[in-house]
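Reading through the structure tokens given below for one structure.
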Amino acid sequence: MYSSYESNELLNQYLLFHYGTKEQLFPYKESLFKEDALLEFPARCVWDGLDFDDLKSRERALDLGCAVGRSSFELSKTFKSVHGIDYSKTFINAAEYLRTHQNHPLKLLLEGHKSLSLNVNLPPKVIPDRIKFSVGNAEALMSELGAFDCVIACNLICRLQNPMILLNRLPDLVKPGGQLFITTPF
């Protein structure tokens, strides 16, 4: 089944949102927004959402709804093994491309049919070899996934048809003493 998450247009938007620089995201001198408050949302989910001082172990992390992988890459700085799962094959392919090439091309739509070709890069200090990306459905996760020291699900719950399926599965996914971080704009 075709999903809007499989379009190149949305892929480019997600790549820019996850990895774009301040200049790429806000190319105009005047802005109505405090730009810094809008930057690095996937990274801030990791660094502001988790209590690293209280984590008992940093072996395994799970990033559900990882999109193009930014939170997974941030988790790789601390966890020995990170599994990023997303429903979109296009997003997972882009995350894997970033993992192996450390950058990804994108087209930034300017107006009408005008676009600008850019590259986005992995942030510094990530450890790509610690990450595995796979296509999956948060409402039908494989039983052999195991338990994790950390599970994050940023802007995922509101996109699920039956979020209770995932919520009921979380006790099996988060190890005792582990942490769960969920965000939603809903």
Side-chain angles (χ1 to χ4, degrees), residues 14-22 25 33-88 91-92 94-96 98-99 102 120-160 162-186:
Y14 268 72
L15 285 168
L16 186 63
F17 177 66
H18 280 235
Y19 301 98
T21 65
K22 184 176 184 175
L25 287 163
F33 303 103
K34 289 190 172 276
E35 296 92 353
D36 292 341
L38 301 174
L39 294 173
E40 310 259 330
F41 173 77
R44 288 189 0 253
C45 285
V46 171
W47 300 112
D48 296 344
L50 298 174
D51 183 353
F52 285 95
D53 293 334
D54 198 36
L55 268 172
K56 303 215 183 318
S57 173
R58 297 182 189 183
E59 290 294 317
R60 299 183 75 216
L62 176 62
D63 183 3
L64 288 173
C66 70
V68 293
R70 177 64 188 271
S71 294
S72 297
F73 287 112
E74 294 298 326
L75 290 165
S76 79
K77 295 176 182 180
T78 303
F79 290 88
K80 293 180 183 173
S81 172
V82 178
H83 193 159
I85 298 175
D86 198 89
Y87 190 72
S88 169
F91 286 2
I92 290 297
E96 183 60 26
L98 274 158
R99 192 184 74 74
Q102 281 74 54
V120 291
N121 300 302
L122 283 184
K125 299 181 182 174
V126 302
I127 306 172
D129 292 341
R130 293 182 173 180
I131 305 170
K132 173 186 177 183
F133 290 110
S134 59
V135 175
N137 182 342
E139 295 175 280
L141 295 169
M142 50 191 159
S143 58
E144 63 273 0
L145 204 53
F148 296 83
D149 302 297
C150 162
V151 176
I152 64 170
C154 299
N155 295 351
L156 173 67
I157 291 292
C158 57
R159 290 171 168 82
L160 299 177
N162 189 348
M164 285 308 298
I165 293 172
L166 174 60
L167 293 173
N168 289 331
R169 178 77 192 278
L170 289 173
D172 296 330
L173 293 173
V174 182
K175 289 180 183 176
Q179 291 183 24
L180 167 66
F181 182 70
I182 297 175
T183 63
T184 181
F186 186 65

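Quick note: numbers below take in every heavy atom, side chains included, and nothing from hydrogens, waters or symmetry partners.
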Exercise. Can you check whether F133 reaches F91 side chain to side chain, under 4.5 Å on heavy atoms?
Worked result: no
Exercise. Looking only at heavy atoms, what is the nearest atom pair of R70 and P123, with distance?
Worked result: NE-CG, 3.5 Å
For this session: Side-chain contact test, heavy atoms from C-beta onward, threshold under 4.5 Å: evaluate it for V46 versus T78 and give yes or no.
Result: no
Exercise. Any side-chain heavy atom of W47 within less than 4.5 Å of one from K77?
Worked result: yes
Problem set entry | E74 side chain vs P42 backbone, donor-acceptor pair below 3.5 Å | no
Exercise. Which heavy atom of F79 sits nearest a heavy atom of A61, and at what distance?
Worked result: CG-CB, 3.7 Å
Problem set entry | Closest heavy-atom pair and its distance - A138, L156 | CB-CD2, 3.9 Å
For this session: State, with a plain yes or no, whether a side-chain heavy atom of L98 is found less than 4.5 Å away from one of L15.
Result: yes
For this session: Quick one: closest heavy-atom pair of S72 and C66, and the distance?
Result: OG-CB, 3.8 Å
Exercise. Would you call L75 and I152 a side-chain contact if the rule is heavy atoms closer than 4.5 Å?
Worked result: yes
For this session: Using the six-membered ring wherever Trp is involved, compare the ring planes of Y19 and F73 and label them parallel, tilted or perpendicular (cut-offs 30° and 60°).
Result: perpendicular
Exercise. Taking all atoms of both residues into account, what is the closest heavy-atom pair of G146 and L173, and its distance?
Worked result: O-CD2, 3.6 Å
Problem set entry | D86 and D63, any side-chain heavy atoms less than 4.5 Å apart | no
For this session: Test Q179 against V151 for side-chain contact (heavy atoms from CB on, under 4.5 Å), laying out the working first.
Result: CA-CA 6 Å; Q179 291 183 24; V151 176; over 6 Å; no
Problem set entry | For the student: nearest non-hydrogen atoms of H83 and S134, plus distance | NE2-OG, 2.6 Å
